[in-house]
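The basis for the numbers below is simple: all heavy atoms, side chains too, and nothing from hydrogens, waters or symmetry mates.
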Amino acid sequence: MKLYFVAGEDSGDLHTRNLIRQLKVLYPNLQTRGVGGDKMKDEGTELVAHIRDINFMGFLEVIRNLQTIRKLFRTVKADIRSWKPDAVILVDYPGFNLRLAKFVKSLGIKLFYYISPQIWAWKKGRVKTIRRYVDRMLVILPFEKKFYEQEGVEVDFVGHPLLDETGQSTPSVTETKTIALLPGSRKQEISRMLPVMLEMVGKFPGYQFVIAGAPSQTEDFYKQFMGDSPAKLVMNQTYSVLKNAGAALVTSGTATLETALFQVPQVVCYRGSAFSYEIGKRLVNVRFISLVNLILDRKLVQELIQYDFHADRLEEELRKILTPENRQEMLAGYEELHKKLGDGGASAKAAAIIQQLINH
């Protein structure tokens with residue numbers, strides 16, 4: 001059995017690695033190839049391209065790197081054509097993967113999409129591409145199943161894979177004087193988020209600030225923003241950082257959900273380029289940007305977006321979540337969130353569905 005995967009971000013690399021592990025149980029001689037990161041590579045996947053070289057965010061950044069993206073697109077198309085996989089599994093990364101879907105389908109190869117792009121938030125018209133070319137959507141957020149069913153797309157809700165990855169965490173103790181900084185995984189995110197987050201270090205004496213370094217970046221990249229800050233940098237151990245944290249400042253994305261599952265009170269932060277933000281706010285059709293608030297369909301965690309993300313507001317909101325009352329309210333909301341995400345076993349469920357449809 002030969003399966004081809006295309007994942008474009010650190011979270012996609014993690015979830016794809018876990019899916020591959022479950023598929024190996026079903027296919028002991030499984031061969032895997034595609035686009036991904038170190039976790040997929042360590043699991044035996046032959047990488048055609050590494051996510052650290054292709055992980056761009058925002059309209060301007062994508063435009064600036066169009067030549068790189070186009071070259072990758074040609075490379076992946078040629079590779080799929082020559083390798084002839086039994087199926088292709090696309091993992092999020094919609095700008096690239098939705099273009100690739102049409103090509104894969106033209107070869108008569110079975111096509112699965114694991115972890116839906118957020119087309120329910122913006123560019124809803126992309127659902128037509130999915131309906132036309134994707135054999136099955138395997139979604140991880142509870143409201144996505146209803147969305148796709150209403151659009152006439154074959155879909156299964158498998159639960160969220162982070163439930164298995166994070167396990168059953170107990171709340172960090174109130175006395176923990178560690179504040180986790182999760183500034184994102186892309187260079188553009190980190191360069192915008194981390195300097196403002198680091199401004200908190202001198203404002204909270206007695207607290208240890210720990211930066212969770214993403215696996216797709218180097219220590220030197222982070223250190224250029226740190227200067228002589230007493231903050232500690234821990235590379236590629238985000239879950240260990242969260243387990244020991246009493247609060248967290250988190251860049252919007254999968255990390256907001258990870259932080260919630262580790263039951264760490266958080267402030268969600270986001271700032272893009274002014275150009276990208278002005279375009280995005282005209283296109284996005286959701287009340288919230290954090291997965292925590294989106295899944296709960298109400299505001300539980302504070303979101304500091306674009307012009308609201310500055311040192312004064314960040315200090316104010318961080319002080320709030322360090323109080324016992326706010327902490328307990330947030331932990332109660334996290335329990336509600338956990339129940340909505342399913343029973344666990346997402347990777348095994350997804351693997352079983354893929355096997356069933358390949359063999360069908």
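Residues Pro183 and Tyr222 form a side-chain contact, since some pair of their non-hydrogen atoms from C-beta on lies under 4.5 Å apart. For the pair Leu261/Leu163, a side-chain contact is recorded, criterion being any heavy-atom separation below 4.5 Å from C-beta on. In this structure, Asn18 and Glu165 have side chains that are in contact, with non-hydrogen atoms separated by less than 4.5 Å. Residues Pro94 and Asp92 have side chains in contact (heavy-atom distance under 4.5 Å, counting atoms from C-beta outward). Using a 4.5 Å heavy-atom threshold, the side chains of Met200 and Ile179 count as separate. The side-chain heavy atoms of Glu325 and Glu329, taken from C-beta on, include no pair separated by under 4.5 Å.
Between atom OG1 of residue Thr32 and atom CG of residue Leu47 there is a gap of 8.5 Å, rounded to the nearest 0.5 Å. For the atom pair CG of Leu194 and CG of Leu181, the computed distance is 7.0 Å after rounding to the nearest 0.5 Å. One distance of note links CZ of Arg186 with CE of Met193; it measures 12.0 Å at 0.5 Å rounding. The CD1 atom of Ile119 sits 11.5 Å away from the NZ atom of Lys128 when rounded to the nearest 0.5 Å. For the atom pair Cys269 SG and Ile305 CD1, the distance stands at 10.0 Å (nearest 0.5 Å). Separation of atoms CG (Leu23) and CG (Leu19) is listed at 4.5 Å; rounding is to 0.5 Å.
No continuous path of hydrophobic side-chain contacts links Val210 to Leu318 [ILVMFWY only; heavy atoms under 4.5 Å]. Note: the hydrophobic cluster containing Val241 does not contain Val250 (ILVMFWY, side chain heavy atoms under 4.5 Å, direct or indirect links). Under the 4.5 Å side-chain heavy-atom criterion for ILVMFWY residues, no single connected hydrophobic cluster contains both Met40 and Val25. Under the 4.5 Å side-chain heavy-atom criterion for Ile, Leu, Val, Met, Phe, Trp and Tyr, Val234 and Leu242 are members of distinct hydrophobic clusters. Leu72 and Ile80 fall within the same hydrophobic cluster, where Ile, Leu, Val, Met, Phe, Trp and Tyr residues are linked whenever their side-chain heavy atoms come under 4.5 Å apart, directly or through other members.
Aromatic ring orientation, Phe225 versus Phe221: perpendicular (interplanar angle above 60°, classes split at 30° and 60°). Relative orientation of the Phe262 and Tyr239 rings is tilted, given thresholds of 30° and 60° on the angle between their planes.
For Ser252 (side chain) and Ile289 (main-chain N/O), a donor-acceptor pair under 3.5 Å exists by modelled atom type. In this structure a side-chain-to-backbone donor-acceptor pair under 3.5 Å is present from Arg271 to Phe309. The closest donor-acceptor contact from the side chain of Tyr334 to the backbone of Val264 lies under 3.5 Å. The backbone N or O of Gly272 lies less than 3.5 Å from a partner atom in the side chain of Gln306, making a donor-acceptor pair. The closest donor-acceptor contact from the side chain of Thr256 to the backbone of Gly253 lies under 3.5 Å. Asn97 places a side-chain N or O within donor-acceptor distance of the main-chain N or O of Val6, the cut-off being under 3.5 Å. Under a 3.5 Å cut-off, the side chain of Tyr114 and the backbone N or O of Val139 do not form any donor-acceptor pair. The backbone N or O of Ala231 lies less than 3.5 Å from a partner atom in the side chain of Ser229, making a donor-acceptor pair. Side-chain N or O atoms of Glu317 include none that pairs as donor or acceptor with a backbone N or O of Leu314 at under 3.5 Å. A donor-acceptor pair under 3.5 Å is absent between the side-chain atoms of Thr178 and the main chain of Ala245, judged by distance alone.
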Item to check | Derivation of the salt bridge (Lys or Arg N to Asp or Glu O under 4.0 Å) call for Lys203 and Glu199 | outcome: CA-CA 8 Å; Lys203 299 175 185 293; Glu199 287 188 55; 5.5 Å; no
Next on the checklist: Applying side-chain hydrogen bond (donor to acceptor under 3.5 Å, both in side chains) to Tyr4 and Gln31, what does each step give before you reach the verdict?
Outcome noted: CA-CA 9 Å; Tyr4 202 98; Gln31 298 177 57; over 6 Å; no
Checklist entry - What do the steps show when you test Leu257 against Leu337 for side chain to side chain contact (heavy atoms under 4.5 Å, CB included), and what is the final call? => result CA-CA 9 Å; Leu257 196 54; Leu337 174 78; 3.7 Å; yes
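Between the side chains of Thr323 and Asn326, a donor-acceptor pair is found at a separation under 3.5 Å. Side-chain atoms of Ser216 and Asp10 form a donor-acceptor pair, as typed in the model, at a separation below 3.5 Å. Between the side chains of His50 and Asp38, a donor-acceptor pair is found at a separation under 3.5 Å. Between the side chains of Lys187 and Gln217, at least one donor N or O lies within less than 3.5 Å of an accepting N or O.
Qualifying ring-ring contact (aromatic ring centres under 6.0 Å, His included) partners for Phe103, counting only residues two or more places apart in sequence or in other chains: none. With sequence neighbours excluded, the residues forming a side-chain hydrogen bond (donor to acceptor under 3.5 Å, both in side chains) with Glu219 are Lys223, listed by chain and number. By the ring-ring contact (aromatic ring centres under 6.0 Å, His included) test, Phe204 pairs with no residue at all, sequence neighbours left out.
In this structure, Lys39 does not pair ionically with Glu43, as no charged nitrogen and carboxylate oxygen lie closer than 4.0 Å. Between Lys105 and Asp135, at least one side-chain N (NZ, or NE/NH1/NH2) sits under 4.0 Å from a carboxylate O, which counts as a salt bridge. Classification of Glu46 and Lys41 as a salt-bridged pair fails, no side-chain N sitting under 4.0 Å from a carboxylate O. A salt bridge is absent between Lys339 and Glu335: the closest approach of a Lys/Arg side-chain nitrogen to an acidic carboxylate oxygen does not fall below 4.0 angstrom. Asp42 has no carboxylate O lying under 4.0 Å from a charged side-chain N of Arg17, or vice versa, which leaves the two without a salt bridge. For the pair Arg136 and Asp156, the salt-bridge criterion is met [side-chain N within less than 4.0 Å of a carboxylate O].
Judged by a 6.0 Å distance limit and a 45° cone about the ring axis, Arg33 is not positioned over the six-membered ring of Phe5.
Nearest heavy atoms, Tyr207 versus Thr176: CE2-O, 4.4 Å.
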Check residues 292-299 and write down every donor-acceptor pair under 3.5 Å in which the side-chain atom is one partner and the other belongs to a residue at least two apart or another chain.
unit_1	atom_1	unit_2	atom_2	d
Asn293	OD1	Leu300	N	2.8
Asn293	OD1	Val301	N	3.1
Asn293	ND2	Ser290	OG	3.4
Asn293	ND2	Val301	O	2.9
Asn293	ND2	Glu303	OE2	3.0
Asp297	OD1	Arg287	NH1	3.2
Arg298	NH2	Glu336	OE1	2.7
Lys299	NZ	Gln302	OE1	2.9

Please set out all donor-acceptor pairs under 3.5 angstrom arising from side-chain atoms of residues 341-360, sequence neighbours excluded.
unit_1	atom_1	unit_2	atom_2	d
Lys349	NZ	Gly344	O	3.1
Asn359	ND2	Gln355	O	3.3

Under 3.5 Å, side-chain donor or acceptor atoms of residues 142-153 against the rest of the protein: list the pairs with distances, not counting sequence neighbours.
unit_1	atom_1	unit_2	atom_2	d
Glu144	OE1	Ile140	N	3.4
Glu144	OE1	Leu141	N	3.2
Glu144	OE2	Trp120	NE1	3.0
Lys145	NZ	Glu149	OE2	2.4
Tyr148	OH	Ser116	OG	2.6
Glu151	OE2	Lys124	NZ	3.4

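A 6.0 Å sphere centred on NZ of Lys340 holds more than 12 heavy atoms belonging to other residues, nucleotides or ligands. Shown here is Lys71, whose NZ atom has no more than 12 heavy atoms of other residues, nucleotides or ligands within 6.0 Å.
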